Each structure stands twice: as structure tokens, then as C-alpha cells.
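We count residues from 1, following the sequence as given. Everything numeric here is computed off the predicted structure, so don't read it as measured data.
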Amino acid sequence: MKATDGVVRNEGGVRAGVLDGSPEQREAVGDLVAATRALMRAAAATSVDVEVIRRAEASILAATEELGARSRTRPLRPEFHGPATARDAGPETSWPMFVHNPLGIPLEIRFGEDEAWARLLPNPLHEGPPDCVHGGFSAHLLDCMLGTLMQARGSRSLTASLELTYRRRTPLDEPLDLYSRIVEIDGRKTIAEGWIACNGERTVTARGVFVRVDRE
């Protein structure tokens, strides 16, 4: 699917967009980021001849120089209210994470009233122990799920603490279901919990404390 153009549509169309950059640039950068992720996976798992690897390396370095001729100081940033807009539109509408940042693990997050969910097929780039998702990536995914749920509820919050329990191995190459939900709200503080499940069994659980901050 192409990068977003600034609005939210249902599954057949547009999702929540970004704050800056022209629509054409946002689309082009989103496509470039998707291609970069494919390149990262190919580079990590390739077994072609050394000569082919060296040619590819030279091409990548040339592309890096070309793209770096004029650089931003930060990636294209998403609109803060994007998750809330997706939540208001209903569970058929998703919020895409990390459309313009190849380092982030991309997710399509959907929302209920006080909950969120997504599905991910982890690949070799996410490996920690052999054939398992790295525990740090699991923490990243759950922080994203919990934090984006705060954002979807209109709360500009920061993670104050995040406790994780690794219950069993989280396998690569199998669909993972990610969940988050609100547990308690007390003034500026919100407690939320989340988990990663594979084939209906929870592999990692998390409990986070989030504190609402005033916008500078």
C-alpha cells in the first residue's frame, strides 16, 4: 500500500497521515522506506556471490550519497491526532506506525474505545535467540501499542515505566497478535497493559504507567 496522503480511510484506502512535507514527497518517502526495509532483509539474509554483494554495496553507497545531498534533521513526523482520528472512524480503520522511518517496526494498529490491536509477521531482522524475536523488539512493540493507545485517546503522554514479563519464546515467521488496553486512569496518570500472543498463547506481557504532559 502506498504511503498516506494526510487523511483516514477504511481498509481499501487512505489511513492517517503526516504533518509535514508535500503529499507527493510523503508518498515517495513512504515507498522509499518500504523499499529500504526490503533491502535490509535481503542484505541480512543474502547468500549470493561476493561479486554481487560488492556491486550491490556500491549501488547502495551511491544512492546514499544522492539522497543525502539535501537532508532533513528528522524523519517526516506523523500528525499527533492521527490515531484519535482512526479510533473515531471505527475498528475498520487502521493507524500505520513508522511509515517514514525504516528503523521502526511497521504496524497497522486498530482501536476500540479503550483498547488497541495489531498483527505482525516477524522476519529474520527481528531475531534475537535463534528463531525467536529479540526481547528488545518485543519491548519496542508493546511500548508502541500502549503509547499509541494513549495518543488515540487524545492524551499527550510519556512512558514513566514499562514492566515486561517474558512468558515463553516468541517465534519468528509466525503471525503475532499484539494488544493493549487501559486499566486505570488517575488524574494525569494512566495505567495500561498489553501483550503479544502467538496461536492464542501470550508470550510477552507488559504493564505501563503513562503520565500526561502539557504541550510546550
Side-chain angles (χ1 to χ4, degrees), residues 1 3-4 11 15-16 18 30 33-34 36-38 40-41 44-45 75-80 82-84 86-87 91 93-112 114-153 155-183 190-211:
M1 183 176 289
T4 60
E11 282 190 276
R15 301 159 298 178
V18 296
V33 164
T36 300
R37 288 197 181 104
M40 291 165 60
R41 180 171 179 175
L76 287 167
R77 289 174 174 165
E79 181 184 8
F80 174 79
R87 174 175 174 259
T93 299
S94 62
W95 164 252
M97 291 283 296
F98 299 116
V99 172
H100 299 103
N101 186 341
L103 191 58
I105 299 175
L107 295 173
E108 294 278 350
I109 303 179
R110 302 178 189 276
F111 304 95
D114 290 318
E115 60 184 352
W117 59 92
R119 174 162 279 204
L120 172 71
L121 183 63
N123 64 56
L125 290 177
H126 307 135
E127 187 176 50
D131 302 318
C132 298
V133 175
H134 193 289
F137 288 137
S138 296
H140 162 79
L141 290 166
L142 286 169
D143 190 37
C144 288
M145 291 297 299
L146 272 61
T148 305
L149 179 57
M150 302 298 113
Q151 192 174 347
R153 300 180 72 258
S155 176
R156 196 178 295 270
S157 299
L158 298 177
T159 307
S161 66
L162 183 66
E163 298 180 2
L164 291 101
T165 300
Y166 296 90
R167 296 173 174 267
R168 52 178 55 86
R169 65 183 291 270
T170 302
L172 293 177
D173 304 317
E174 293 189 36
L176 303 178
D177 292 306
L178 285 62
Y179 297 93
S180 60
R181 64 186 179 192
I182 303 298
V183 174
T190 299
I191 298 175
E193 64 181 11
W195 59 91
I196 298 173
C198 181
N199 296 320
E201 292 188 332
R202 298 185 186 188
T203 63
V204 186
T205 60
R207 185 176 180 88
V209 177
F210 295 82
V211 177

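Residue pairs that meet the salt bridge (charged side-chain N to carboxylate O under 4.0 Å, His left out) test with at least one member in residues 193-208, sequence neighbours left out, are Arg168-Glu201, Arg181-Glu193.
Expressed to the nearest 0.5 Å, how far NE2 of His140 lies from NE2 of His126 amounts to 8.0 Å. Atom-to-atom distance recorded for Cys132:SG and Glu127:CD is 8.0 Å, nearest 0.5 angstrom. With values rounded to the nearest 0.5 angstrom, Thr190 atom OG1 is found 5.5 Å from Met150 atom CE. To the nearest 0.5 angstrom, Thr205 atom OG1 is 4.0 Å from Arg167 atom CZ. Here the OG atom belonging to Ser180 is positioned 11.5 Å from the CG atom belonging to Leu141, to the nearest 0.5 angstrom. Once rounded to the nearest 0.5 Å, the distance linking CG of Asn101 with CG of Leu76 reads 10.0 Å.
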Q: Output, in order, the C-alpha distance, side-chain angles, deciding distance and verdict of side chain to side chain contact (heavy atoms under 4.5 Å, CB included) for Leu125 and Phe137.
A: CA-CA 10 Å; Leu125 290 177; Phe137 288 137; over 6 Å; no
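Of all heavy-atom pairs spanning Ala86 and Trp95, the tightest one is CB-CB, 4.2 Å. Heavy atoms only, all atoms of each residue included: Pro129 and Val133 are closest at CD-O, 4.3 Å. When every heavy atom of Leu142 is checked against every heavy atom of Trp195, the shortest pair comes out as CD2-N, 3.5 Å. Here the shortest heavy-atom pairing between Phe98 and Val33 reads O-CG1, 4.4 Å. Closest approach of Arg153 to Ile182, counting heavy atoms only: CD-CG1, 3.7 Å. Across all non-hydrogen atoms, the minimal contact from Leu146 to Gly208 is CD2-N, 3.8 Å.
Within the 4.5 Å cutoff, no side-chain heavy atoms of Ile196 are placed close to those of Met145. Side-chain contact between Ser155 and Phe210: absent, with no pair of heavy atoms (C-beta onward) separated by less than 4.5 Å.
For Pro91, the side chain to side chain contact (heavy atoms under 4.5 Å, CB included) test picks out Trp117, with sequence neighbours left out.
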Result block: side-chain N/O donor-acceptor pairs under 3.5 angstrom for residues 170-179, not counting sequence neighbours:
from, atom 1, to, atom 2, distance (Å)
Thr170, OG1, Thr203, OG1, 2.8
Glu174, OE1, Asn199, ND2, 3.2
Asp177, OD1, Arg119, NE, 2.8
Asp177, OD1, Arg119, NH2, 3.0
Asp177, OD2, Arg119, NH2, 3.0

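Within the 3.5 Å criterion, the main-chain N or O of Ala116 finds no donor-acceptor partner in the side chain of Arg87.
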